[in-house]
Every structure is written in structure tokens, then in C-alpha cells.
Amino acid sequence: MALVIAQKSELCEIIFTKLSSFHLVPDSCTYSIMIRCHCEKNEVEEAKRVLFTVLENGFEPDSATITVLINSLCKRGKVKKAMEVFEFMERKGLKLVVQQHNCLLKGLSYVGKIEEALEMLMNMKKTNFGVDVYSYSIVMNGLCKVGRSDEAMDLFNEVVEIGLIPNVVTFNTLIQGYSIEGRPVEGVGVLKMMKKHECVPDYISYSTVLHGLLKWNEIVEAFGIYKEMVEIGFEVDFRMMRTLVRRLCKRSWNEKRLLEDAYEVFEKMKERGLVVDKRTVEVMVKACCRGEKFDEALVNLNDMVRWGYSLKAIAFEKVIEGLCRQGRVDEAVSTLFLLHANGRIGDRISYDVLVNELIAHGRVFCASFLFGFALKQGVALVPNKELQANNRS
DNA sequence: CTAGGGTTAG
């Protein structure tokens with residue numbers, strides 16, 4: 001079994017053929033492992049042959065063995081063959097247990113025969129072997145995958161009605177269904193429902209909800225779920241965090257309060273040492289400028305240059321203009337040099353704004369120096385009156 | 001103490 005798990009099926013088979021030289025006789029458990037071994041190698045016919053050998057040797061193959069075989073067939077979409085095994089066992093007078101029925105349910109859903117799966121589920125209810133929560137979860141998943149979450153929800157209600165206990169997988173299936181159907185907020189509703197059913201949402205529950213909300217652009221809801229995840233201690237996938245930051249930034253243009261939320265997620269990414277791509281930084285800096293948060297913008301520009309990222313000049317230019325507007329001219333000049341350290345050249349507007357702001361502070365000498373510096377960089381500025389006067393003197 | 005089985009995401 002260890003060899004099968006380690007995917008060393010060849011070795012497993014060699015040992016099996018050498019059993020007799022150790023005077024060992026395989027029993028039903030050995031055969032069951034061999035069936036799985038062949039299934040792993042996609043040798044279904046071989047697996048079936050082993051099953052027949054088991055029967056010929058007078059062993060009663062136990063249900064776990066049959067499950068492995070049926071499951072392996074179903075997983076590969078060979079539902080018809082699985083049915084054959086199924087019927088063969090019934091002719092032998094062996095009744096199939098709920099696990100095997102469940103494999104078939106999954107197989108039927110997998111090949112798109114969801115109606116047949118539903119019919120089978122209804123028949124299972126009538127037998128002594130019955131149905132369990134796996135059966136329902138499987139069919140619900142089949143329905144969800146084809147955009148029939150309402151029917152999946154009907155089945156969920158049936159689960160509760162007949163006294164089965166839905167588990168985290170049952171709920172996660174519903175969440176996924178709503179997500180792909182474009183009803184992500186109902187996924188949030190399922191999360192709340194779980195708490196009522198005393199089922200603890202897991203990482204998959206939250207991630208699926210968050211992914212759905214992001215996919216359908218429910219950004220404010222998404223941030224709420226993100227916060228819950230952080231509070232619980234789940235590490236949110238960095239790609240989702242990146243999307244969240246960008247969308248919150250975009251939204252903060254019209255809804256100022258969202259800037260803070262965006263920054264919170266952004267900071268968490270840096271704190272976790274995640275690679276923040278330059279596009280996200282640019283969007284974040286842009287949003288900071290728009291929200292007049294130049295300290296934050298500047299901190300990030302500094303970080304980016306230090307880490308060797310080459311950002312678009314516009315990110316710096318917006319900060320320069322903003323700082324000048326606030327009269328923080330020294331920091332604005334520093335930002336200009338930061339831009340140069342980043343390997344780019346400021347545009348005409350940045351130099352214009354800086355020169356004018358320096359003059360406004362009465363620092364004409366600095367303004368002249370900067371003016372000359374701009375010319376050297378090939379940025380053509382139109383000198384204003386003060387500068388001309390200064391240069392004449 | 002005593003092998004092997006079925007459900008959810010990106």
C-alpha cells in the first residue's frame with residue numbers, strides 16, 4: 001500500500017508477483033490493494049481481472065475493494081463500465097453500499113448526466129442502504145456546476161428535513177454554486193447559515209466567498225470578508241489581496257473612505273513579505289495622491305526605489321505636484337531626485353510646479369539651479385519674469 | 001495493536 005501511495009506501482013506489482021517465492025498467499029486485502037494499484041496506473045481492465053481472480057478463488061470481495069474499482073472508473077468518466085461492475089456484483093448477490101452509490105452519483109454528474117444522478121439519489125432514499133450527506137453533497141455539486149444552485153439549495157433543505165447533518169463540504173458546495181452563477185452575496189448568506197447550523201466555515205468557505213465577490217466586483221463586501229479572514233487568522237491568497245487593493249483604490253476615487261481599506265490590505269501584503277507587483281504599487285500611490293495622502297505615497301515610492309522597482313514617472317510626478325500644492329517644497333524636490341534615482345526624468349509640469357513653488361517661497365537661487373538642471377536633462381521650460389531678473393543680476 | 005473505500009476552490 002505504501003508503494004501505491006508513493007506512486008511506485010511497478011515495484012508494487014513486482015513484489016506481488018514474488019509473493020509465492022516467500023511462501024505467501026495473497027488474501028482479499030492484498031487483492032484490494034492490487035486493484036487500486038492497477039487503477040492508479042490507469043489499467044482498468046487489469047484491475048477488473050484481479051477482481052475476477054478474487055471471485056474465482058472463492059473470496060468474498062469486500063466492499064472497500066469494489067469501491068476503489070468503481071471510483072476509479074467513475075473518476076475517469078467511464079460510468080458505463082462502472083455500471084457494469086455494479087450490475088455484475090448485484091448478479092453475484094452482493095448488495096452495494098452507500099459509498100459505491102456515491103461514486104456512481106459523482107460519475108454521472110461528471111459526465112453531465114445530472115438528471116440520472118438525481119433519479120438515482122431519489123431511489124437511494126427508498127433503499128435500506130440509504131443516502132448520506134456525501135450523496136447529497138455530490139449531487140448538489142453536480143447541480144451547482146451547471147448553474148442550478150436553486151435546485152442545490154432545495155436538496156440542502158431536504159438534507160436538513162430528513163435529519164442528516166450537513167457538513168462544511170455541503171455548505172462550500174453551495175457557496176461555489178452561487179459564486180459561479182454570479183450571486184456572490186448569497187455566498188455570504190451561506191456563511192451566516194453555517195454559523196446557525198453550528199458548522200465552522202473553513203479556509204475553503206472563506207476563500208470561495210471572497211473569490212466570488214471579487215469576480216463579480218462586490219468590493220465592499222469583499223473587504224468585509226477579508227477582514228473576517230484576517231481576524232480568524234487565515235492567510236488570504238496574495239492574488240486575491242492584490243485584486244482587492246487595486247479595486248478598492250479604483251473605487252476610492254469616488255468613495256474616499258475606501259482608501260483607508262485599500263491601504264490596510266496593501267500594508268498587510270508588505271508585512272507578510274509578499275511580492276507586491278509594481279502595477280499595484282502604482283495604483284496605490286495614485287490613489288494616495290488622489291486622497292491627498294502624500295506621506296503614504298512617498299513612503300511607498302521610497303520603498304519601491306530601494307527594492308529596485310522601476311515605476312512609471314507619473315507616480316512620482318503626482319506626488320511632486322501634490323506636495324507643492326501643500327507647500328511642502330523640500331519634500332517635493334527630494335521626490336524629484338528620487339525619480340531620477342529611479343532612472344527616469346521628471347516631466348515639464350513637475351519642473352514648472354517646483355520652480356514656481358520655490359519662487360513662491362522666495363528661494364529664487366534654488367529655483368534657478370533647478371531650472372538649469374531641467375535644461376541639462378533636456379526638459380525645455382519657459383522662464384518666468386522672476387527667473388529672468390535673477391539671471392540678469 | 002491488526003492493512004484497503006466515497007464529498008468542496010483557485
*Asks:* Starting at atom CG of A:Asn141, determine the distance to atom P of B:dA9, rounded to an integer number of angstrom.
*Replies:* 6 Å
*Asks:* So what does A:Tyr203 hit on the nucleic acid, given a heavy-atom distance under 4.0 Å: a base, only sugar-phosphate, or nothing?
*Replies:* base
*Asks:* Look at A:Gln176 and B:dG10 and indicate whether a side-chain polar atom (N or O) is within less than 4.0 Å of OP1 or OP2.
*Replies:* yes
*Asks:* Rounded to whole angstrom units, what separation is found between the NZ atom of A:Lys145 and the P atom of B:dT7?
*Replies:*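 Roughly 12 Å, once rounded to whole Å.
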*Asks:* When the distance from CG of A:Leu121 to C1' of B:dT7 is rounded to whole Å, what number comes out?
*Replies:* 13 Å
*Asks:* Applying a strict under-4.5 Å side-chain criterion to I, L, V, M, F, W and Y, I'd like to know whether A:Ile5 and A:Ile33 cluster together.
*Replies:* yes
*Asks:* Within the 4.0 Å heavy-atom criterion, would you say A:Ser63 contacts the bases, only the backbone, or no part of the nucleic acid?
*Replies:*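 The answer is base, as A:Ser63 lies within the cut-off (heavy atoms under 4.0 Å) of a base atom.
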*Asks:* Is A:Lys215 touching bases, backbone alone, or none of the nucleic acid, heavy atoms closer than 4.0 Å?
*Replies:* nothing
*Asks:* Looking at A:Glu357 and A:Arg325, is any side-chain nitrogen of the basic one under 4.0 Å from a carboxylate oxygen of the acidic one?
*Replies:* no
*Asks:* Got a donor-acceptor pair under 3.5 Å from the side chain of A:Asp27 to the base of B:dA3?
*Replies:*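 Flag set: donor-acceptor pair detected.
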*Asks:* I want to verify a distance call: between B:dG6, B:dA9, B:dG5, whose nearest atom is closest to the A:Ser207 side chain?
*Replies:* B:dA9
*Asks:* Got a donor-acceptor pair under 3.5 Å from the side chain of A:Thr173 to the base of B:dT8?
*Replies:* no
*Asks:* Within this structure, what is the CG-to-C1' distance between A:Asn71 and B:dG4, rounded to whole angstrom?
*Replies:*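 Those two atoms, CG and C1', are 13 Å apart.
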*Asks:* In this structure, how many angstroms lie between the P atom of B:dA9 and the CD1 atom of A:Ile204, rounded?
*Replies:* 7 Å
*Asks:* For A:Ile138, answer base if it contacts any base atom (sugar-phosphate contacts may also be present), sugar-phosphate if it contacts only those atoms, and nothing otherwise; contact means non-hydrogen atoms under 4.0 Å.
*Replies:*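 Sugar-phosphate contact only - A:Ile138 comes under 4.0 Å of backbone atoms but never of a base.
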*Asks:* Closest approach to the side chain of A:Val169, judged atom by atom: which nucleotide of B:dG4, B:dG6, B:dT8 is it?
*Replies:* B:dT8
*Asks:* With a 4.0 Å limit, can you tell me whether A:Arg239 has a side-chain N or O closer than that to the phosphate oxygens OP1/OP2 of B:dG10?
*Replies:* no
*Asks:* Using the side-chain heavy atoms of A:Cys29, tell me which of these nucleotides is nearest: B:dG4, B:dG6, B:dG10.
*Replies:*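 It is B:dG4.
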*Asks:* Is the shortest side-chain N to carboxylate O distance from A:Arg36 to A:Glu46 below 4.0 Å?
*Replies:* no
*Asks:* Please indicate whether A:Lys80 has more than 12 foreign heavy atoms, meaning atoms of other residues, nucleotides or ligands, lying under 6.0 Å from its NZ.
*Replies:* no
*Asks:* Would you call A:Asp330 and A:Arg363 a salt bridge, taking side-chain N to carboxylate O under 4.0 Å as the test?
*Replies:*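 Salt bridge between A:Asp330 and A:Arg363, a charged N being under 4.0 Å from a carboxylate O: yes.
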*Asks:* For a quick check, tell me whether the side chain of A:Thr65 and the base of B:dG4 share a donor-acceptor pair closer than 3.5 Å.
*Replies:*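 In this structure, the two groups form a donor-acceptor pair.
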*Asks:* What is the separation between atom CG on A:Asp132 and atom P on B:dG5, rounded to the nearest whole Å?
*Replies:* 17 Å
*Asks:* Under 4.0 Å, counting only non-hydrogen atoms across every strand here, what does A:Val4 touch: a base, just sugar-phosphate, or nothing?
*Replies:*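 Nothing: the residue A:Val4, judged by heavy atoms under 4.0 Å, touches no strand.
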*Asks:* Going by distance alone, is a donor N or O of one side chain under 3.5 Å from an acceptor N or O of the other, for A:Thr280 and A:Arg246?
*Replies:* yes
*Asks:* Using whole Å, report how far CD of A:Gln99 lies from C1' of B:dG4.
*Replies:*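 Interatomic distance, CD of A:Gln99 to C1' of B:dG4: 12 Å.
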*Asks:* If only side-chain N and O atoms of A:Lys106 are considered, is one of them under 4.0 Å from the OP1 or OP2 phosphate oxygen of B:dT7?
*Replies:*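 True: A:Lys106 side-chain N/O within range (under 4.0 Å) of B:dT7 OP1/OP2.
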*Asks:* Send over the distance from A:Arg36 CZ to B:dG5 C1', rounded to a whole Å.
*Replies:* 8 Å
